[in-house]
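Take a look at the structure set out below.
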Amino acid sequence: MTKNEIADVLTEIGTLLELKGENPFKTRAYQAGARVLESMEQDELDTLIREERLKSVKGIGDALAQKIGELHSTGRLEFFDKLKASIEPGLVEMLDVPGLGPKKIKAIHDQLGVTTIEGLASACTDGRVAALAGFGEKSQEKILAGIRNREAYGKRHMWWEAGAIATPIVAGLRALPQVSQAEAAGSLRRGLETVGDLDFIVAAVDVAPVVEWFVTQPGVQEITARGETKASVRFVSGLQADLRLVPPEQFAFALHHFTGSKDHNVLMRQRALARGLSLSEWGLVPAEGEGTAKAKAEGGAHGVKAKDETALFAALDLRFIPPELREGLGEIEAAEAGELPRLIELADLRGAFHNHTTASDGRNTLVEMTAAAEALGWEYLGIADHSKSSVQAKGLSEERLAAQVAEIHALNASGRFKTHVFTGTECDILSDGRLDYDDAMLATLDYVVVSVHAAFTQSSADMTARIIRAIENPYTTMLGHVTGRLLLRREGYQVDFTQIIDAAIANDVIIELNASPWRLDMDWRHWRKAAERGLLCAINPDAHETSGLEHVRAGINSARKGWLTREHVLNARPLAEVKRAFGAR
DNA sequence: GCCGTTTTCGGCCCGACTGTTTTCAGTCG
């Protein structure tokens, strides 16, 4: 089994144990183990298992090491099979219903004998759930509504789309007279590729008007909570948004807390405790003595003051950690050592290479795309229309590509735009790894992006070999969307990342970070290690229209999550350097 | 189940909201 498959099993064990009513710390140990595996490279795990050093990894003890080893070598785990067989699958499904957790599901199952979502719905309809101890009419209604809306509510949302909803809300909150500070926190602020819900943190002294403004925003379908310090709404799209209200002096703590991630917060709290302090959304206070953190923060007796997050981190002897890095993946150690990278920023980009025009499946012409790039202040724009095999995308024949090259040369020569246009192609990687144009054709171009657009269902080994063959082609400049994934719609094709990254480095080939908000491929989780080993990145919007160029913003997010600096990114370099790089091929 | 310059046993991050209670459990983030 691969590391991610093993991680999935561990996560599921955690969930099943929860439903069994197991010790919550035990269930957490399984979930923590799954995260540890996910953050490893596959060959790292292989080596640790081969050398029997798995137990040396923090978070993995005897029991987990044994289970991981068994799954790794046999793909099976008797413990898991038995556990799974002992629990009705319908109970697992019920965890997706808002308001239902392990305890309540257990009560429903044990006392009513309900084992499916459908059974639960009818138990609600005829009032049996409300009759249970600890339940009532409201719980019953809430469960019923939750079942009906399960699909929409459980859905995650693309970062780009969630941002489009959040931006005007933040602006609106900041414009309120009662509000001194407002930010969107959560996974949106961390730049995660998908967002589960929105979190708005607001510093205000008079909260009632702010809550009122928030819950009456256009698109609000339902108000799910409304209190002194918190309000929650659900938008028509199913997206949930929480508003958190804090006094100004607690803003930095609340912003940090609700930005997360959970893993990052756990580590920060442990770090605080090691210094005799207790960290929460309320503040940073001495851990010893009477009373809760909240009480002490309100008392203001010994609390550490922090006017912003920089001060909060400084109070724990850390440099400011950019939100994108707060995933509990080594950022705290790096901040302590003063080794945080200077992450790439949108303003560092001077152009991009993978863009389409109306010659293939784009919706704007070469001139329109160039004008849009110039308006963004870009020094250069690469045109990479589809190659002939992508018939569905009007892929260019050799004749049409030659004509486009001539057109681009003429455009550059005309001096009409300050932006220089590079001639390129997004050349299909055929199913055997050959490219869709011959060498003579490719030699006429400034650069070549190679991508898989067909025969997605090959085995991982075949797909990997296919892509590596394309990487080894001397005319290949960069590899497009490594897995072809479409977020929330389609899984990527299976590939061996380690082998592909090795091949790219060995052949001086760039791997693209496809910045389309639906792709964000190669995934940020691979970038840190890949870049450390010397892989060069290009952040490409894969724009199919002028507005698509702005998708580089999503790519910058993912690049930052992957710890990339501008040194790691080709299109952060000036025109002359890029010309040199292309000329050297 | 994991972990250890207090501990090999006894902890494990912390607090708000809701709905059900009449002081609190469960859920959520």
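The chains referred to below are lettered A, B, ... by the order of the sequence lines, with proteins before strands, and numbering in each begins at 1.
- Ion pairing between A:Glu333 and A:Arg271 fails under the 4.0 Å rule for side-chain N and carboxylate O.
- Checking B:dC2, B:dG29, B:dG15 against every side-chain atom of A:Trp282, the shortest atom distance belongs to B:dG15.
- A:Arg76 CZ: 12 or fewer foreign heavy atoms inside a 6.0 Å radius.
- For B:dC28, the OP1/OP2 oxygens have no side-chain nitrogen or oxygen of A:Lys262 closer than 4.0 Å.
- Scored by the side chain to side chain donor-acceptor pair (under 3.5 Å) test, A:Glu327 finds A:Arg190, A:Lys561 as partners (sequence neighbours excluded).
- By the neighbour-count criterion of 12 heavy atoms within 6.0 Å, atom NZ of A:Lys529 is densely surrounded, having more than that number from other residues, nucleotides or ligands.
- Nucleotides B:dG11 and B:dT6 are separated by 12 Å at their C1' atoms, to the nearest Å.
- When heavy atoms are screened at a 4.0 angstrom cut-off, A:Asn23 is found touching base atoms of the nucleic acid.
- A gap of 10 Å separates the C1' atoms of B:dC3 and B:dT7, to the nearest Å.
- Among the nucleotides B:dC12, B:dT18, B:dG29, the one closest to any side-chain atom of A:Ala225 is B:dT18.
- Spacing between atom CD1 of A:Ile68 and atom P of B:dG1 amounts to 13 Å, rounded to whole angstrom units.
- Between A:Thr229 and B:dC17, a side-chain N or O to OP1/OP2 separation shorter than 4.0 Å is present.
- Not a single donor-acceptor contact under 3.5 angstrom links the side-chain atoms of A:Asp242 to the base of B:dG29.
- Under 4.0 Å is where a charged nitrogen must lie from a carboxylate oxygen, and between A:Arg189 and A:Glu309 at least one such pair does.
- Distance from the side chain of A:Phe25 is smallest for B:dG1 among the nucleotides B:dT27, B:dC17, B:dG1.
- Between the OH atom of A:Tyr30 and the P atom of B:dC12 there is a distance of 21 Å, given to the nearest Å.
- Across the protein-nucleic acid pair, A:Glu22 atom CD and B:dC2 atom C1' stand 14 Å apart, rounded to whole Å.
- Between the C1' atom of B:dG1 and the NZ atom of A:Lys55 lies a distance of 13 Å, rounded to the nearest Å.
- Of the candidate nucleotides B:dT27, B:dC14, B:dC2, B:dT27 has the atom nearest to the side chain of A:Lys104.
- Rounded to whole angstrom, the span from the NZ atom of A:Lys138 across to the C1' atom of B:dC17 amounts to 12 Å.
- For A:Glu52, the CD atom counts as loosely surrounded, since its 6.0 Å shell holds 12 or fewer non-hydrogen atoms of other residues, nucleotides or ligands.
- In this entry the distance linking CD1 of A:Ile143 with P of B:dG19 reads 12 Å, nearest Å.
- Rounded to whole Å, atom P of B:dG29 lies 9 Å from atom CZ of A:Arg234.
- Regarding contacts with the backbone of B:dT18, every side-chain N or O of A:Ser139 stays at 4.0 angstrom or more from both OP1 and OP2.
- B:dT21 and B:dC14 have their P atoms separated by 30 Å, with the value rounded to a whole Å.
- Following rounding to the nearest Å, A:Ile108 (CD1) and B:dG19 (P) show an atom-to-atom distance of 15 Å.
- Pairing for B:dG26 is with B:dC17, a Watson-Crick or G-U wobble pair whose two hydrogen-bonding atom distances lie under 3.5 Å.
- Comparing A:Asn265 and A:Thr224 by the nucleotide of DNA chain B whose heavy atom lies nearest to each, the residue mapping closer to the 5' end is A:Asn265.
- Between A:Asp62 and A:Lys55, the closest side-chain pair of non-hydrogen atoms falls below 4.5 Å.
- B:dT23 sits 16 Å from B:dC17 when the C1' atoms are compared, rounded to a whole Å.
- Contact annotation for A:Lys67: backbone-only contact, meaning every heavy-atom pair under 4.0 Å involves sugar-phosphate atoms and none involves a base.
- Rounded to the nearest Å, the gap between the C1' atom of B:dT5 and that of B:dG1 is 24 Å.
- Using a 4.0 Å heavy-atom distance criterion, A:Pro24 is classed as making no nucleic acid contact.
- B:dT18 and B:dC12 are spaced 26 Å apart, taking the C1' atom of each and rounding to whole Å.
- Distances were taken from every side-chain heavy atom of A:Ala63 (C-beta onward) to each of B:dG1, B:dC17, B:dC14; the shortest belongs to B:dG1.
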